[in-house]
Amino acid sequence: MTGNQQLGQLVHSFFIDQLTTVKGLRPSSMRSYSDTIRLLLCFVAQRKGTKITKLTLEDMSFEHVLGFLRYLEDDRHNHARTRNQRLAALHTFFEYIASREPAMLQTCQRVAAIPTKRVPPAQTHFLERDEMESLLQHLPASGRFAQRDHALILFLYNTGARAQEVAELRAGNLELGDRALVRLHGKGDKWRTCPLWDQTGKLLTALLASSGHPPAADAPVFCSATGEALTRFGIYKVVRRLAGHLDKPGTHRTVSPHIFRHTAAMHLLESGVEINVISDWLGHADLTTTNRYAEINTRTKLEALRVTEPSDASAAHRPTPVWRSDETLLNWLSNL
């Protein structure tokens, strides 16, 4: 087997056997891996001045991986978070190569040792209760998609669902009886159940009934103009159209589908819901991810405490000292 055939077979088996069959990754995760490997192959081919189909396994060198990471930041101007995400995919890819080709073990070990870059946590933005209430009250009441859009916004706020989870939502995932529930298919192929408010359940019931016949279990809940399931980008466009006016450029807050996830978490926390319940509600794999909401809530309370603290009346009438020499100033400081 030639070197380029060897590389081609490894790439093919990595996606078909390892990621799809063994790991069972979802299409969105597969696209992320695909983008990374495609960019790497294009980068190496350009650096060597050859076609991608002519690349060999030996071309997947440690030096080329380092060059690729620099290329992502310097030429493509990727944020460090994006660079880290690409590196995580490469770690998985080279770990697979090591398991299949012992001759590449040393190179794979060096790639595995490339560290991720430390980056500050992304700022968490959310909508205040009055902002959320105002948004829901002023959603369009008429129009072709008014019913769908109202149900979508309320569903995002009610469940804190990710955009991909909403895009994959099917009628069979809903239980719209007296105690309405939804089963969401989240990251890591994990399912979770979220209760729905009565209002959310009624809107979804009306939305599904609008077609005039009972929907099939695999029918999408939120549809585009063509009747197909709304994609992540389609959901983003709906949210921007309805809630883009709530952006706050001064604080870099841009309203997107994900901001409703943060909003749901913060409002649950403010209502006294325990942090572990919120973690399960949002489908977090690690409780530390949810703890950031508690940290934000505490910081907000501290800031409110400082703003509302009454002034010290005795301090207001205390005379300001006048220091006529360095010695008197230093003596005053020493006696504080």
Is a donor from one side chain sitting under 3.5 angstrom from an acceptor on the other, for Thr200 and Tyr157? no

Flag the pair Arg241 and Asp149 as a salt bridge only when some basic side-chain nitrogen lies within less than 4.0 angstrom of an acidic carboxylate oxygen. yes

Could you tell me the separation between the NE2 atom of His284 and the CD1 atom of Ile275, rounded to the nearest 0.5 Å? 9.0 Å

Of all residues at least two apart in sequence or in a different chain, which pass the ring-ring contact (aromatic ring centres under 6.0 Å, His included) check with His125? none

What is the distance from atom CZ of Phe94 to atom CG of Leu10, rounded to the nearest 0.5 Å? 10.5 Å

Asn78 side chain to Arg83 main-chain N or O, any donor-acceptor pair under 3.5 Å? no

Flag, side chain of Asp218 to backbone of Arg170, donor-acceptor distance under 3.5 Å: no

Verify same cluster id: Met132, Leu269 (apolar side-chain graph, 4.5 Å): no

Parallel, tilted or perpendicular, as decided by the 30° and 60° cut-offs, for the rings of His262 and His258: perpendicular

Can you find a heavy atom in the side chain of Phe15 that is under 4.5 Å from one in the side chain of Ile37? yes

Salt bridge check: are Asp198 and Arg179 linked by an N-O gap of less than 4.0 Å? no

Are any of the side-chain heavy atoms of Arg76 and Leu39 separated by less than 4.5 Å? yes

His245 (side chain) donor-acceptor with Arg240 (main chain) under 3.5 angstrom: no

Are Leu181 and Leu152 connected into the same hydrophobic cluster when the rule is that any two of I, L, V, M, F, W, Y join if their side-chain heavy atoms are below 4.5 Å apart? no

At their closest point, which heavy atom of Cys194 faces which heavy atom of Thr159, and how far apart are they? SG-O, 4.2 Å

Could you walk me through whether Arg253 and Asp247 pass the salt bridge (charged side-chain N to carboxylate O under 4.0 Å, His left out) check? CA-CA 5 Å; Arg253 186 181 81 177; Asp247 289 353; over 6 Å; no

What are the two closest non-hydrogen atoms of Leu204 and Phe155, and how far apart are they? CD1-CD1, 4.0 Å

Output yes when Arg183 and Glu175 qualify as a salt bridge under the 4.0 Å nitrogen-oxygen rule, no when they do not. no

Indicate the ring-plane relationship of His185 and Trp191, choosing parallel, tilted or perpendicular according to the 30° and 60° boundaries. parallel

Spatial distance of atom NE2 (His64) from atom OG (Ser61) [nearest 0.5 Å]: 4.5 Å

Begin from the C-alpha positions of Glu165 and Arg192 and carry the test salt bridge (charged side-chain N to carboxylate O under 4.0 Å, His left out) through to its verdict. CA-CA 11 Å; Glu165 294 169 348; Arg192 70 184 187 278; 2.9 Å; yes

Distance-only criterion, 3.5 Å: show the donor-acceptor pairs between side-chain atoms of residues 101-114 and protein atoms not counting sequence neighbours.
{"residue": "Glu101", "atom": "OE1", "partner": "Gln6", "partner atom": "NE2", "Å": "2.9"}
{"residue": "Glu101", "atom": "OE2", "partner": "Gln6", "partner atom": "NE2", "Å": "3.1"}

